[in-house]
Protein chains: 2
Amino acid sequence: MTTPEQDFIDSPFRSPEDRLREKDQKREAVLLAAVRAFNARGFQAASLDEVAASLRISKPTIYRYLGNKEQVLLECISRGLDLLREAAAEAEREPGNGLTRLTHFLRRYAEINMDDFGRCVVRTDDNVLSEEGRAHFRALKRRIDQAMRDLVAAGVEDGSIAPLDVRMTAFTLAGALNWPGQWYAAQGGQSAEELAATMVDVLVRGLAPRG
Amino acid sequence: MTTPEQDFIDSPFRSPEDRLREKDQKREAVLLAAVRAFNARGFQAASLDEVAASLRISKPTIYRYLGNKEQVLLECISRGLDLLREAAAEAEREPGNGLTRLTHFLRRYAEINMDDFGRCVVRTDDNVLSEEGRAHFRALKRRIDQAMRDLVAAGVEDGSIAPLDVRMTAFTLAGALNWPGQWYAAQGGQSAEELAATMVDVLVRGLAPRG
DNA sequence: TTTCTTATGTACTCGTGAGTACGTTGCATA
DNA sequence: TATGCAACGTACTCACGAGTACATAAGAAA
């Protein structure tokens with residue numbers, strides 16, 4: 001693992017690049033602490049003082065890195081929605097019929113909803129946001145929803161999915177797979193991946209026994 | 001529609017029974033206004049001043065009829081959970097195999113989640129409650145969950161439901177059917193009953209086409 | 001008519017939490 | 001060495017909302 005470059009020891013004197021990297025890391029740390037507080041106690045109930053205390057910093061420092069409380073939330077939500085967008089793009093690139101691709105997407109979707117930032121997307125009721133924040137949030141969510149509908153529609157067309165109402169089906173699937181975000185706490189027992197796979201399996205096969 | 005009893009005109013002078021009935025009606029009105037405010041803006045964000053204003057009364061009047069804010073919420077939640085319990089009891093009494101009975105229950109379950117009080121149950125995150133309130137709330141919810149699992153298990157046993165993991169299946173179903181509570185706004189378009197029926201249909205049949 | 005009770009509003013207290021003004025320290029640059 | 005800027009913390013302000021003390025008005029009872 002040695003490189004031809006000079007190996008530096010961990011020095012207390014930071015180079016300009018180090019400073020920038022540290023700044024980024026601090027920003028990330030604040031964001032993570034915030035999203036966890038929001039998920040644990042709800043956006044309204046969680047105070048920035050709490051978030052700051054959990055990092056042993058002061059409230060103004062949060063403002064330095066992320067701006068006001070709504071901006072912090074919007075950034076958290078954006079992270080979660082980015083993950084979902086990636087998952088959707090990946091599913092579209094994937095080979096296989098509509099059902100196969102949808103299944104992959106659904107699993108990722110459920111997993112993301114158990115991640116810190118994904119949970120934040122699911123748990124945030126958009127009425128806590130300002131008018132602009134809400135509009136932005138909804139637009140991004142609509143894109144995810146549309147991607148899911150497109151996958152369902154593709155499956156229905158190629159016959160890999162039963163001829164169901166696309167809108168209602170997507171709504172039902174999203175609802176089922178959003179729910180773990182309200183509850184999942186990474187306790188012992190099943191991992192997020194296992195849980196996601198099992199739930200998707202139930203949804204794909206349905207309750208009625210196969211003829 | 002005439003009775004042998006005396007027909008009274010609508011008099012401004014109230015009998016003692018009238019007073020009691022009026023008190024009850026006022027209590028109901030406060031409860032309904034409160035649950036709507038909670039659903040619309042979230043428990044924490046909704047203020048009792050708002051609720052009072054929507055009825056053109058003052059805040060102390062709410063305290064007179066329902067006690068403090070948490071008690072108001074608990075009463076709303078109890079209403080919703082009562083509806084769910086009734087639905088569960090009804091489903092258990094019903095004839096037919098496990099899947100039939102479960103289907104009936106699921107439809108009612110979804111409908112209730114689009115009702116004012118049902119929505120409140122779904123939308124309330126129990127971390128806004130005090131320790132005792134939370135324990136009470138969880139115990140009641142557990143009973144509903146158990147009822148759903150029992151119905152699934154009965155269906156699996158009598159063969160009307162495919163052999164799935166009971167716990168995960170109930171969790172998935174509940175998740176899917178809780179979701180409308182987050183969104184449904186009684187707008188134009190589908191009624192709650194139609195929506196519930198369609199969603200349950202998707203869940204029962206699954207996505208994969210029938211062989 | 002006087003007194004008690006019920007129903008209600010006015011006007012507070014008090015805590016909490018978002019957001020800010022300003023001071024301080026330390027490194028960087030002129 | 002002087003000046004500027006980056007990275008904080010202390011100590012506020014200010015608004016809002018839960019909960020309450022007290023006044024009041026109207027009917028019921030005595």
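As the structure is a computational prediction, the values presented were derived from the model and not from experiment. Every chain is numbered from 1, with letters handed out A, B, ... down the list of sequences. Only this structure's heavy atoms are used, side chains among them; waters, hydrogens and symmetry mates stay out.
Nucleic acid contact class of A:Ala45 (heavy atoms, under 4.0 Å, all strands): none. The residue B:Ala52 sits apart from the nucleic acid: no heavy atom pair falls under 4.0 Å. Residue-level contact check: B:Ser58 touches the bases, meaning some heavy atom is under 4.0 Å from a base atom. Heavy atoms of A:Lys23 sit under 4.0 angstrom from primed sugar atoms or phosphate atoms, though from no base atom.
Residue-to-nucleotide contacts include no donor-acceptor pair under 3.5 Å from the side chain of B:Lys69 to the base of D:dG19.
Remark: C1' of D:dA7 and CG of A:Asp24 are 16 Å apart, rounded to the nearest angstrom. In this structure, B:Asn68 places its CG atom 10 Å from P of D:dA18, rounding to the nearest Å. Atom pair B:Leu55:CG and C:dT8:P shows a separation of 11 Å (rounding to whole Å applied). Across the protein-nucleic acid pair, A:Tyr65 atom OH and D:dA7 atom C1' stand 6 Å apart, rounded to whole Å. Protein atom CD of B:Glu70 is 19 Å distant from nucleotide atom P of D:dG17, rounded to whole Å. Taking atom CD1 on A:Ile62 and atom P on D:dC8, their separation rounds to 12 Å, with Å as the unit. Atom C1' of nucleotide D:dG17 and atom CD of A:Gln44 are separated by 13 Å, given to the nearest angstrom. Between B:Arg27 atom CZ and C:dT8 atom P the separation is 14 Å, expressed in whole Å.
Within the 4.0 Å cut-off from OP1 or OP2 of C:dA7, at least one side-chain nitrogen or oxygen of B:Arg64 is found.
Exactly one of A:Val121, A:Val128, A:Asp126 qualifies for a side-chain contact (heavy atoms from CB on, under 4.5 Å) with A:Thr124. That residue is A:Val128.
For B:Lys59, counting side-chain heavy atoms from C-beta on, the closest listed nucleotide (C:dA18, D:dG19, C:dT10) is D:dG19. For A:Lys26, counting side-chain heavy atoms from C-beta on, the closest listed nucleotide (D:dA7, D:dG9, C:dA7) is D:dA7. Each of D:dG9, C:dA18, C:dT8 was ranked by its minimum atom distance to the side chain of A:Thr61; first place goes to D:dG9. Which of D:dG19, D:dG9, C:dT10 sits closest to the side chain of A:Pro60 comes down to D:dG9.
Within the 4.5 Å cutoff, the side chain of B:His136 has no heavy atoms near those of the B:Ile77 side chain. No side-chain heavy atom of B:Leu84 sits less than 4.5 Å from a side-chain heavy atom of B:Arg143.
We find the OH-CG distance between B:Tyr65 and B:Leu55 to be 11.0 Å, quoted to the nearest 0.5 Å.
Put simply, the side chain of B:Gln182 never gets that close to the backbone of B:Trp179: no donor and acceptor are under 3.5 Å apart.
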